[in-house]
Amino acid sequence: MKYENMPTAQFIKESNNGNINYNDFYRKFFEKLKEADKKYNLLITQNTKKPTITKGKITALPLSVKDCICTRNIKTTAGSKILENYIPPFDATAIKKLKEQGGVIVGKTAQDEFGHGTFSTNCAYKIPKNPLDPKRSCGGSSGGAGGLVAALNMPHIAIAESTGGSISAPAAFTGTVGITPTYGRVSRYGLIDYANSLDKIGAMGKTVEDAALALNIMSGHDPMDETSINEKVPDFLTATKKDIKGMKLGVPKEYFSEKIDDKIKNIIWDKIKHLETLGATYEKCSLPTTKYTIPSYYIIAMCETSTNLAKFCGMRYGAAEDLKGRDFNEYFSDIRGKYLGEEAKRRIILGTYARMAGYRDQYYLKAMKVRTLIINDYKKAFKKYDCLVSPTMPFIAPKFKDIEKLTPVENYFADILTAGPNLAGIPMISVPAGTHQSMPVGMHILAGHMQEEKILQIAGATH
Ligand code: GLN
């Protein structure tokens, strides 16, 4: 049987009908996985153990998992040296559900340390290279996930995470599909926190159907996560096939500003016109708070990460050493100084400052108030429109040599189109919309809370 380019649905069907020789399939799969990893630096840990096959909705389907998501008996570092030797004794709820349905964990994908980044260049291990042009970034922070989906022509879905755009960015840069669900739709139990009020587990695949399939399985209430939402999970796969006639699209003018590459804007407009021929209508609209999204996102994300990472002190979690006569403060700063990367340190320092007595009102509390205004902007828009559409990223995947020249603040501005929806906790999907300079361009589709079906409906129609 030829597995190359086999659609996931067909693989699962053949698998459930007993038509797949798993030894044969996995020998080939692991060969390709190793080759892709060697060429493009995509995995922190490979798991090429012979899989035990469980029957279910995704029988024997290979899954890669971003390294900030806990996998039982497989090293989970969140991309940090401070967790270099951490082997979780449990699976994150999302992973447990996928395994129960037959999913096979084939490896842990490379990422920015703790998810701190947009280009997967803030890495303590490997820096993933874009399989479409290895001089360019895969995007981040789920860079290994996006790169692996792009590099493998075998059945495979990548499980990833987004705090401020880490699924959308790599999807756009690698020409893949990335879905980030509503905050709380998928349990965060077993996800190593970056910024807990923002973190979401989602999925990346070659097709909209692959993203929907993974979401179908991972979604649902989990008593182990108090922020998980207790609502019925619809069938997301059905949504991908629904007619879009009569759907109303909003096109926010701020998402087509002069900061976005003109060629990219044209490609997205062509897609919008195409959706119009399929029966959707569109209207230009405005999200006036857009200019505040980057400052408020980064203040909130850094404040939260500075508290979430406090537990990695050399005593309670992660890397540890002998005290050797050092007092506790000396010891904690030695360990954190040695095992945390530059960007993690920058964010811990800035986040600690922004929530200090005296500065709290000026920074953290103000950012939280602005967040409410941003949420209200989207709420207002979704009273009128089913979905909002825009480019996913302001430019195509940048070259590493150009990323090096960016200051941290310039770096953060790459998230101008993704920080807003992530702050609001609304669902989003990035789908390939065309190419510019032979590199993929992603279209971003957003909808109101718990309206994943709508983004999947539009995404399905763009294919
Ligand atoms: N680029 C954003 C940041 O650095 C988003 C990262 C993420 O979603 N994990 O915070």
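We count ligands from 1, going down the list as the structure has it; atoms in each ligand are counted the same way.
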Thinking salt bridges, do D377 and K380 make one under a 4.0 Å N-O criterion? no
Does some non-hydrogen atom of E161 fall short of 4.0 Å from ligand 1? yes
Evaluate the side-chain proximity of L446 to Y255: yes if any heavy-atom separation is below 4.5 Å, no if none is. yes
If you measure from each heavy atom of R347 to ligand 1, is any distance below 4.0 Å? yes
With a 4.0 Å cut-off on heavy atoms, is G117 touching ligand 1? yes
Protein heavy atom at shortest distance from atom 5 (C) of ligand 1: Y297 OH, 3.3 Å
Report yes if the side chains of D386 and Q451 come closer than 4.5 Å at any heavy-atom pair, otherwise no. no
Under 4.0 Å from a heavy atom of H116: give me the atoms of ligand 1 that qualify, with their elements. 4 (O)
Decide yes or no for F119 and P398: does some side-chain heavy atom of the first lie under 4.5 Å from some side-chain heavy atom of the second? yes
Other residues, nucleotides and ligands only: do more than 12 of their heavy atoms fall within 6.0 Å of CZ on R346? yes
For atom 2 (C) of ligand 1, what's the nearest protein heavy-atom neighbour? Residue, atom name and distance, please. D415 OD2, 3.1 Å
Distance under 4.0 Å to a non-hydrogen atom of G115: what atoms of ligand 1 satisfy this? 4 (O), 6 (C), 7 (C), 9 (N)
Do any heavy atoms of Y412 fall under 4.0 Å from ligand 1? no
Under 4.0 Å between heavy atoms, the region of S141 that gets near ligand 1 turns out to be side chain
Distance-only side-chain donor-acceptor flag, S228 / D222, under 3.5 Å: no
For F114 and ligand 1, answer yes if some heavy atom of the residue is under 4.0 Å from a ligand atom, otherwise no. no
Please state which part of Y298 comes within less than 4.0 Å of ligand 1, counting heavy atoms only: side chain, backbone, both or neither. side chain
Against heavy atoms of T118, which atoms of ligand 1 measure under 4.0 Å? 1 (N)
Out of all atoms in ligand 1, which are within 4.0 Å of some heavy atom of G164? Include the element for each. 5 (C), 7 (C), 8 (O)
Please identify which of these residues, S142, S120, S141, meets the side chain to side chain donor-acceptor pair (under 3.5 Å) condition with S166. S141
Just checking, is any N or O donor in the side chain of H444 or T418 under 3.5 Å from an acceptor N or O on the other one? no
Just wondering, do D261 and I396 contact through their side chains at under 4.5 Å, heavy atoms? no
Top protein contact for atom 10 (O) of ligand 1, by heavy-atom distance: Y194 OH, 2.5 Å
Could you see which bit of T163 sits under 4.0 Å from ligand 1, with heavy atoms only: side chain, backbone, both or neither? both
Among all protein heavy atoms, pick out the one at the shortest distance from atom 6 (C) of ligand 1; state its residue, atom name and that distance to 0.1 Å. S166 OG, 2.8 Å
Numbering as shown, the atoms of ligand 1 that approach S162 to under 4.0 Å (heavy-atom distance): 8 (O)
Is it true that, when you exclude K311 itself, more than 12 heavy atoms of the residues, nucleotides or ligands shown sit nearer than 6.0 Å to its NZ? yes
Going by distance alone, is a donor N or O of one side chain under 3.5 Å from an acceptor N or O of the other, for S162 and N422? yes
